[in-house]
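Residue numbers start at 1 and run along the sequence shown. All values below come from the heavy atoms of this structure, side chains included, with hydrogens, waters and symmetry mates left out.
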Amino acid sequence: MEHTPSPSGPRLVRFTEPTESAFSLLLPEGWHAEGGVARGASEPRPWYRVLSPGRGAELRGSDPRVPPSFLAPSFGAMGMFMPGVAVRPYAPPEAFAEEYARHFARERGAGAFMVTAVRDPEVILGDDPRPETRPRVQLMVQQGAAFAGVAFECPDRGLSGLVDVFTLRMEGPMGLSWSPFITALVGPSAQWAHAKATLLRVAHSYTTNPAWQQHQSAMMQMQHQATMETIQAGTRVMQMQHQSGMEAVRAHAQRAAIAAQTSAEVSAMQSQSWRDQQASGDEVHRRSVNAVRETVDLYDPATGR
């Protein structure tokens with residue numbers, strides 16, 4: 001960890017994500033930090049957890065236990081769900097924020113929980129004085145992101161906290177998917193204003209490693225290309241199967257036509273054979289009658305009659 005002097009307040013220490021050097025944070029000396037990069041079916045997601053020396057205050061940036069993407073339970077164009085993506089109905093950010101806040105409170109040992117306020121985007125932006133935040137949030141909203149949060153209290157534990165969530169919604173070939181990003185903090189209610197300000201300063205010090213980000217962008221581009229090639233190959237296979245099926249139908253129709261023609265020819269031959277047998281029998285019978293009558297047949301050599 002790297003130490004940074006501060007003119008007022010405790011000395012700040014730089015924490016660098018230990019597995020891939022994906023990001024860094026500035027936190028007061030003596031505080032505990034851990035972090036990593038969660039990888040699943042979608043893009044890699046950095047996460048961190050910061051605790052005060054007595055563990056009374058806690059900050060979470062994302063949570064590796066939360067799936068990076070959810071898929072609304074509906075069948076897409078291919079009639080199946082996306083592998084490796086959790087299936088559940090879409091939850092607005094304020095609903096998911098309350099769901100996570102209740103989970104957060106239980107993990108802190110609280111039995112009592114109540115939401116004290118709903119945080120809209122303006123309230124969230126009001127807690128972030130960085131000049132680049134508002135333009136970035138506006139751009140993300142234009143791209144389909146939604147921001148909301150909740151403030152909560154746990155009276156039996158003397159804790160206050162807040163959870164902010166922004167979600168990205170995307171319509172894909174498998175249906176609607178949504179990705180929640182969580183920022184959660186909790187601290188003693190008696191010193192909540194100070195704890196909140198300290199924890200938010202730590203959260204706002206988050207800095208992504210540009211080299212890591214560049215590498216991830218290149219990897220995602222390669223994965224996207226591989227996915228598109230897989231889809232194209234699957235489409236070609238389906239087209240070949242369709243063509244093969246049509247050829248099988250045509251071959252079956254041709255075999256049926258040949259079988260029908262053969263059956264008709266055999267039937268005609270059988271009919272002709274029957275007629276020949278009848279004519280032969282009639283001739284034998286006629287000659288037998290002539291013998292009884294003692295008559296003979298005379299044939300005209302010119303006509304055969």
Leu25 and Arg14: side chain to side chain contact (heavy atoms under 4.5 Å, CB included), yes or no, with the steps? CA-CA 6 Å; Leu25 293 167; Arg14 183 174 299 278; over 6 Å; no

Show your working on side chain to side chain contact (heavy atoms under 4.5 Å, CB included) between Arg65 and His103 and close with a plain yes or no. CA-CA 12 Å; Arg65 299 168 298 179; His103 169 78; 3.6 Å; yes

Could you walk me through whether Asp164 and Phe147 satisfy the side chain to side chain contact (heavy atoms under 4.5 Å, CB included) test, starting with their C-alpha distance in whole Å, then the side-chain angles of each, then the deciding distance to 0.1 Å, before giving a yes or no? CA-CA 8 Å; Asp164 291 334; Phe147 291 76; over 6 Å; no

If you apply the rule side chain to side chain contact (heavy atoms under 4.5 Å, CB included), what do you find for Leu26 with Val13, and how did you get there? CA-CA 5 Å; Leu26 289 176; Val13 176; over 6 Å; no

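Geometric assessment of Arg169 against the ring of Tyr90 yields a positive cation-pi assignment under the 6.0 Å and 45° thresholds. The cationic group of Arg45 lies under 6.0 Å from the six-membered ring centre of Phe181 and within 45° of the ring axis, placing it in a cation-pi geometry.
Closest non-hydrogen pair, Trp192 versus Ser160, comes out as CZ3-O, 3.3 Å. The nearest pair of heavy atoms linking Val123 to Asp120 is N-OD1, 2.9 Å. Minimum heavy-atom separation, Pro67 to Pro180: O-CD, 4.2 Å. Scanning both residues, Ser205 and Val202, for their nearest heavy atoms gives OG-O, 2.6 Å. Residues Val50 and Ala33 share a closest heavy-atom pair of CG2-CB, 4.2 Å. Nearest approach of Ser62 to Trp47, heavy atoms of both residues: CB-CB, 4.0 Å.
Counting heavy atoms from C-beta on, the side chains of Leu71 and Arg88 never come closer than 4.5 Å. With a 4.5 Å cut-off on side-chain heavy atoms, Leu27 and Leu12 do not count as touching. The closest side-chain heavy-atom distance from Val150 to Leu162 is not below 4.5 Å. Within the 4.5 Å cutoff, the side chain of Arg136 has heavy atoms near those of the Arg130 side chain. Annotation: side chain of Val186 is not in contact with side chain of Arg60 (no heavy-atom distance under 4.5 Å). Residues Val66 and Pro64 fail the side-chain proximity criterion, which asks for heavy atoms closer than 4.5 Å. Between Gln138 and Val141, every side-chain heavy-atom pair lies at or beyond the 4.5 Å cut-off. Using a 4.5 Å heavy-atom threshold, the side chains of Glu122 and Arg134 count as touching.
Separating the NE2 atom in His204 from the CG atom in Leu199 is a distance of 10.5 Å, to the nearest 0.5 Å. In this structure, CG on Leu59 lies 7.5 Å from OG1 on Thr183, to the nearest 0.5 angstrom. Atom OG1 of Thr167 is separated from atom CZ of Phe70 by 11.0 Å, given to the nearest 0.5 angstrom. Rounding to the nearest 0.5 Å places NE2 of His32 at 5.5 Å from CZ of Arg55.
A donor-acceptor pair under 3.5 Å links the side-chain atoms of Ser189 to the main chain of Leu159, judged by distance alone. The main-chain N or O of Gly111 is found under 3.5 Å from a side-chain atom of Asp156 such that the two form a donor-acceptor pair. Listed for the Glu17 side chain is a donor-acceptor partner under 3.5 Å among the backbone atoms of Glu20.
No hydrogens or angles considered: a donor-acceptor pair under 3.5 Å links the side chains of Thr133 and Asp128. A donor atom on one side chain and an acceptor atom on the other are not found under 3.5 Å apart for Ser69 and Ser177.
The cluster map of Ile, Leu, Val, Met, Phe, Trp and Tyr, joined by side-chain heavy atoms under 4.5 Å apart, puts Ile124 and Val118 in different clusters. Trp31 and Leu51 are assigned to two separate hydrophobic clusters, defined by single-linkage of ILVMFWY side chains at heavy-atom distances under 4.5 Å. Hydrophobic clustering (ILVMFWY, side-chain heavy atoms < 4.5 Å, transitive): Leu125 and Val165 are in distinct clusters. Under a hydrophobic-cluster definition in which Ile, Leu, Val, Met, Phe, Trp and Tyr are linked whenever side-chain heavy atoms come within less than 4.5 Å, directly or via other members, Val163 and Phe166 are assigned to different clusters. Linking Ile, Leu, Val, Met, Phe, Trp and Tyr whenever their side-chain heavy atoms come within less than 4.5 Å puts Phe23 and Leu200 in one cluster.
Between Glu58 and Arg108, at least one side-chain nitrogen of the basic residue sits less than 4.0 Å from a carboxylate oxygen of the acidic one, meeting the salt-bridge criterion. Taking 4.0 Å as the cut-off between side-chain N and carboxylate O, Asp63 and Arg49 do not count as a salt-bridged pair. Classification of Glu107 and Arg102 as a salt-bridged pair fails, no side-chain N sitting under 4.0 Å from a carboxylate O.
Within a 6.0 Å radius of CD in Gln214, other residues, nucleotides and ligands contribute 12 heavy atoms or fewer.
Aromatic rings from Phe152 and Phe113 are positioned such that their centres are separated by under 6.0 Å.
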